[in-house]
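Working notes, structure below.
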2 protein chains.
Amino acid sequence: MKPVASTSEQILDVAQSLIVAGGYNGFSYADIADAIGIRKASIHHHFPTKAELVSALVDRYRQQTELGLKSLQAQSASPADQLQSYVDFWKACIGNASLPFCVCAMLAGEMPMLPDEVASRVRGHFHHLAEWLTSVLQAGAKQHLFRLDKRPEQEAQMLMASVHGAMLSARAFDDPGLFAAIVEPQIARLRAPVR
Amino acid sequence: MKPVASTSEQILDVAQSLIVAGGYNGFSYADIADAIGIRKASIHHHFPTKAELVSALVDRYRQQTELGLKSLQAQSASPADQLQSYVDFWKACIGNASLPFCVCAMLAGEMPMLPDEVASRVRGHFHHLAEWLTSVLQAGAKQHLFRLDKRPEQEAQMLMASVHGAMLSARAFDDPGLFAAIVEPQIARLRAPVR
DNA sequence: GTTTACCTATCTACTAGTAGGTAGACGTTC
DNA sequence: GAACGTCTACCTACTAGTAGATAGGTAAAC
């Protein structure tokens, strides 16, 4: 039995799924209030402003991500397996529609009109993810698991863009399988044995 | 001297730049009215509802795209050059911030909450672009300009995802140069000479 | 007895959309 | 060529509904 989430966690849960569906301007306090059966004013008690709510949301998301990526490193020593697990995570999310899009990718699209405090946090997530991917690629190259055509930083950026672009395509074509069809060949290319 | 655009064209121009900045829910009739110096009601005269406005916008965008891609085919016989020109177009747009994001990529992110009439048009643009890329890759492969590891449809999807993901990253990192850094190696990979 | 978590009630600003009117351009018809 | 109706493009003024946010109160917990 899963313990009942606190109200503030419920608020963030609902807000997250609404943002994933429609972005920063795609949800309102009323939407959240209706979804969890409290009043709008009660949400303001937990998160005085919308910018603070979404900032807290991105902070939590980044914390979860950090934890998740660390546990990947703990579970599998091989950088190749770590990378595959990362992709598999999103494959599952998109497949079962539980989290069919990255919150930060969604918000990044709206960057020009996000409150500064939110925008900087989103940028922070992108930096963090790029660094993680870079380090995994670097470690894999050292163990001759990966063949990198470019500097690891650049390969990491290419991979990240593929993942986000694949999410978008899966959504645009309404075809969850498209995500794997796009991303898998990209990591397969990296794993190709040295010629 | 450029002829003065009609009011309805001006409305679509402003709406497009606002959508590119903040998506479907990121602009209002009042924003457009203020920008071009007319009243809200006058916009409703040209486009009765917001869904109709954005539908017309996507129709126009797709028409422009179709024209642009056709002229690429007319200008350069080589599929390799066509592909490069396509990427260069976006490189320039992102570089000078004139159109730093694809309207349809922006809207695709918000797919789950778009009016049906808009969503289907966005999907249409994605299909059309995927088909164009597929045909260019196919033609290039026939002329031995490209080496395709996968079926041309799949390579087209991978390329498209790279382009959209690269747009997102350029925006997230606030680094226009990142677009080329991500996309160029992807097309270089396709152009690699047969081993 | 202060803090926490919620409530009702309300506010101002803004949302898309409507009703109805005006002024000029266009084309007929006498 | 003047008078007529119609059409286009815009306007002012308004609606009902929603946005985020606030004030102030209640009731239970620590």
Side-chain angles (χ1 to χ4, degrees), chain A residues 3-60 103 106-107 110 112-119 121, chain B residues 3-58 60 106-107 110 112-119 121:
Chain A
V4 178
S6 70
T7 300
S8 61
E9 288 292 310
Q10 282 185 70
I11 292 169
L12 294 181
D13 290 343
V14 172
Q16 179 161 308
S17 68
L18 289 173
I19 286 180
V20 164
Y24 188 86
N25 289 308
F27 78 101
S28 73
Y29 273 48
D31 294 331
I32 301 173
D34 289 350
I36 65 179
I38 59 171
R39 299 295 155 146
K40 281 199 305 171
S42 308
I43 302 175
H44 283 284
H45 167 72
H46 295 279
F47 307 101
T49 69
K50 195 176 183 179
E52 286 176 81
L53 193 162
V54 177
S55 292
L57 177 58
V58 176
D59 284 343
R60 188 185 71 157
V103 179
M106 196 69 203
L107 292 172
E110 307 177 292
M113 47 120 276
L114 288 182
D116 289 347
E117 43 193 315
V118 177
R121 281 173 167 84
Chain B
V4 178
S6 70
T7 301
S8 61
E9 288 293 309
Q10 282 185 68
I11 292 170
L12 294 182
D13 289 343
V14 172
Q16 179 162 307
S17 69
L18 290 173
I19 286 179
V20 164
Y24 188 86
N25 290 307
F27 77 102
S28 72
Y29 273 46
D31 294 331
I32 301 173
D34 289 349
I36 64 178
I38 59 171
R39 300 295 154 143
K40 278 197 314 166
S42 308
I43 302 175
H44 282 285
H45 167 72
H46 294 279
F47 306 102
T49 69
K50 195 176 183 178
E52 285 175 81
L53 193 163
V54 178
S55 292
L57 177 59
V58 175
R60 188 185 73 156
M106 196 69 203
L107 292 173
E110 308 177 290
M113 49 120 271
L114 288 182
D116 289 346
E117 41 192 316
V118 177
R121 281 172 166 85

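Each chain gets a letter, A, B and so on, in the order the sequences are listed, and its residues count up from 1.
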Correct closest heavy-atom pair for S17(A) and V14(A) would be OG-O, 3.0 Å

Closest non-hydrogen atoms of G22(A) and N25(B), given as atom of the first, atom of the second and distance, are O-ND2, 4.5 Å

Would you say [X] reaches [N]'s phosphate, i.e. side-chain N/O to OP1/OP2 under 4.0 Å?
| X | N | value |
| --- | --- | --- |
| T7(A) | dC6(C) | yes |
| H44(A) | dA23(D) | no |
| S42(B) | dC11(D) | yes |
| S28(B) | dC14(C) | no |

I need the [atom1]-[atom2] distance between [X] and [N], as an integer number of Å.
| X | N | atom1 | atom2 | result |
| --- | --- | --- | --- | --- |
| E52(B) | dG17(C) | CD | P | 9 Å |
| Y29(A) | dT18(D) | OH | P | 18 Å |
| N25(A) | dT18(D) | CG | C1' | 14 Å |
| I43(B) | dT8(D) | CD1 | P | 19 Å |
| R39(A) | dT4(C) | CZ | P | 24 Å |
| I11(B) | dT8(D) | CD1 | C1' | 13 Å |
| K40(B) | dC11(D) | NZ | P | 13 Å |
| L53(A) | dA19(D) | CG | C1' | 15 Å |

The single option from R121(B), Q16(B), E117(B) that satisfies side chain to side chain contact (heavy atoms under 4.5 Å, CB included) with V58(B) is R121(B)

On DNA chain D, more 5' by nearest nucleotide between A41(A) and A30(A) is A30(A)

field: Basic-acidic side-chain contact under 4.0 Å: R60(A), D13(A)
entry: yes

### Query
Any chance the side chains of E52(B) and T49(B) put a donor and an acceptor closer than 3.5 Å?
yes

Side-chain atoms of H45(A) come closest, of dT4(C), dT8(C), dC10(D), to dT4(C)

Side-chain contact check for K50(B): nearest option of dT8(C), dA16(C), dA21(D) is dA16(C)

Would you mind classifying the nucleic acid contact of F47(B) as base, sugar-phosphate or nothing, using non-hydrogen atoms under 4.0 angstrom? nothing

